**Q** 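Encoded as structure tokens, here's the structure I'll be asking about.
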Amino acid sequence: MTDPVPVRVRFAPSPTGHLHVGNARTALFNWLFARQKRGTMILRIEDTDLERSQPHFEGQLVADLKWLGLDWDEGPDVGGRFGPYRQSERLLIYRQHAEKLLSTGKAYLCFCTEQELEQERARAAREHRQPIYSGKCRSIDPGESARRRAAGDSCAIRLRIPEHPIGFDDIVHGPIEFSSEVISDPIILRSSGMPVYNYVVVIDDALMKITHVIRGDDHLSNTPKQVSLYQALGWPVPQFAHLSTILGSDRERLSKRHGATSIANFRDLGVLPEALRNYLALLGWAPSGGTREIFSLEELIQEFSIERVTPSPAVFDVEKLYWLNRHYIKESPSRRLDALALPYYARSLGLGPLDEAGSNYSVSPQISIWLEKVTRLLIPAVDRLDQLPEKASLIFSYDAKAALESPENLEVLGWRQTDAVLTRITVKILEDEAARENQLTAEGFKKMVNEVKAETGAKGKELFHPIRIALTGAHSGPEFDKLIPIFEEGSHLPLPRHVLSVRERIEQFSRARLS
RNA sequence: GGCGCUAUCGUCUAGGGGUUAGGACGGAAGAUUCUCAAUCUUCAAACCCGGGUUCGAUUCCCGGUAGCGCUACCA
């Protein structure tokens, strides 16, 4: 089944900060729908709230959307036939249509002051009535209100809500109906001449020929007002699809309190865009059958269906996001990972950023090859890239004293065989030709360990744990086969912070042990 | 307060008048490994409550409860 009218959808954020995951999900669903239907995706900036909107936030928003892999066919940066795409540049359009509504009698001038309205609301609350506008100015003769306006009386323009139920068929919620008694005549143009959100959104959506309004369900209760605006203007009403709210783990609306909530936050934590995208798609949507979890972009476009979106709110589960991220990290070509990982190592290695944003670093090919080995060693233990430096601390930083004092190591250090193992391995390393040159190989080291095994009778944990403590500071960690060459190679590199070789480590350790 | 939306394992969800209510994350246990991580296997874990309708409701209807949203000259 194909739509006779080509699909046009829009994502319309307010530039008030970084893109939030809830909005990102809305953007993604719009985008998937547009791409699947071979329709048009539009970016529109809702910057009528001058207090909160700031121009540089628009750039952030665009960057965040692009990072997620989304694009658009019309928008402030790419243009289009239905522009401008910033509401602040459309004020004249809003005023013109407000006057038209006024002249057709669909709207009227309201001379009530804010204080009067405030009192009205307070009285209604006291008398347990609905605090909706009384309709006081509804029946002022148009001629008279025009005269009062001309005379300079301050006034706003209100839409006349018809006295019959207003309903619409929501794609995700089904039919919804509101009694007109609960909808007061909304102000569409403030006395200041600035239009109100619920009005501009309709003007823009209609003029931009939006066919499907896919947005958060916080707009659900405002929709009847908007529907009657379309009707007052004689314009076709688009299809609505209201997406459920994303909640935090406490089932409250997701906010900064819950930690990372913006796209930029997750990017900085080392979450890959395809992981976040995949996770967001699964929040409130599942494919038919519901057993698949991993979707490429192409598969999402293929499989996505707005009709299958669930109406119930969803808790944002970072653990599942990180699980998906681990999956995509494992799938990533190592060249990509190496580039992505570099900024995370930079601080612990004492590298300085090349640019002001602190995201560009450069290292010699030699160092780069070595870091690739480090990444390959550590990546299985990680589900976010920002965990890399901590995991790498066993290579980058070594503290013999801390290793001996760590409560975690106490038990191992107290084992019957530990002293013998440590003494033997120390002697062997210190006497070894290759180790003296910081050129010990994995094979060479293995041989020493085997000798210690034979000489002490220690095996398994009792053999390996003490040695690992001496060399890395922790009793468990990656295999020595990979670790030893990394230590030795690292020690030869011209890094701002020196990486200790096997010999250097064992020297520091035995000094600390004997003191 | 009014109106609206929502309700399946802890979480995301599939399903749907008769099912052993399926999958995934997380959890637990085991296998593997010197250890940790990863990986693999197994296990535990759910239809909000009350009324209808029906031979039979978790599924359909109504009510309650709870959560969320809207109720502005905010967006």
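Residue numbers begin at 1 in each chain, while the letters A, B, ... track the order of the sequences. Predicted model, so just to flag it, every value in this text is computed and none were measured.
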**Q** In Å and rounded to the nearest 0.5 Å, what is the CG to OG distance from A/L32 to A/S305?
**A** 11.0 Å
**Q** Ring of A/F29, cation from A/R25 - is the NZ or CZ under 6.0 Å from the centre and inside 45° of the axis?
**A** yes
**Q** What is the separation between atom CG on A/L243 and atom P on B/U6, rounded to the nearest whole Å?
**A** 13 Å
**Q** Within 45° of the ring axis of A/F487 and under 6.0 Å from its six-membered ring centre, is that where the NZ or CZ of A/R505 lies?
**A** yes
**Q** Quick check, does A/H219 stack with B/A75? I mean ring centres under 5.5 Å and planes off by under 30°.
**A** yes
**Q** If the cut-off is 4.0 Å, is A/H173 near the phosphate of B/U6, judged by side-chain N/O to OP1 or OP2?
**A** yes
**Q** Remember a base hit wins even if backbone is also touched, and classify A/C112 as base, sugar-phosphate or nothing at under 4.0 Å, heavy atoms.
**A** base
**Q** Sort out the partner of B/G63 for me: Watson-Crick or G-U wobble, both distances under 3.5 Å, none otherwise.
**A** B/C49
**Q** Does A/R326 have a side-chain nitrogen or oxygen under 4.0 Å from the phosphate oxygens OP1 or OP2 of B/G26?
**A** yes
**Q** Taking CG from A/L321 and P from B/G26, how many angstroms apart are they, rounded to a whole number?
**A** 12 Å
**Q** Which value, in whole Å, describes the distance between the C1' atoms of nucleotides B/A24 and B/C70?
**A** 34 Å
**Q** Do the numbers put A/R292 on top of the ring of A/F295, so that NZ or CZ is under 6.0 Å from the six-membered ring centre and no more than 45° off the axis?
**A** yes
**Q** Rounded to whole Å, how long is the line connecting atom NZ of A/K320 with atom C1' of B/C9?
**A** 13 Å
**Q** Using a distance-only test with no angle check, is there a side-chain donor-acceptor pair under 3.5 angstrom linking A/T375 and A/Y345?
**A** yes
**Q** So, does A/T310 get its side chain near the phosphate of B/U13, meaning an N or O under 4.0 Å from OP1 or OP2?
**A** yes
**Q** Hey, is the side chain of A/R251 poking within less than 4.0 Å of OP1 or OP2 on B/G69, counting only N and O atoms?
**A** no
**Q** Who is the Watson-Crick or G-U wobble partner of B/A37, with both distances under 3.5 Å?
**A** none
**Q** Whole-Å distance between B/U71 C1' and A/Y197 OH?
**A** 16 Å
**Q** For A/R468 and B/C36, what is the distance between atoms CZ and P respectively, to the nearest whole Å?
**A** 10 Å
**Q** Under 3.5 Å for both donor-acceptor distances, Watson-Crick or wobble: does B/U11 have a partner, and if so which one?
**A** B/A24
**Q** At less than 4.0 Å, is any side-chain N or O atom of A/R121 found next to OP1 or OP2 of B/G2? Yes or no.
**A** no
**Q** Please tell me if A/K330 has a side-chain N or O lying less than 4.0 Å from either OP1 or OP2 of B/U39.
**A** yes
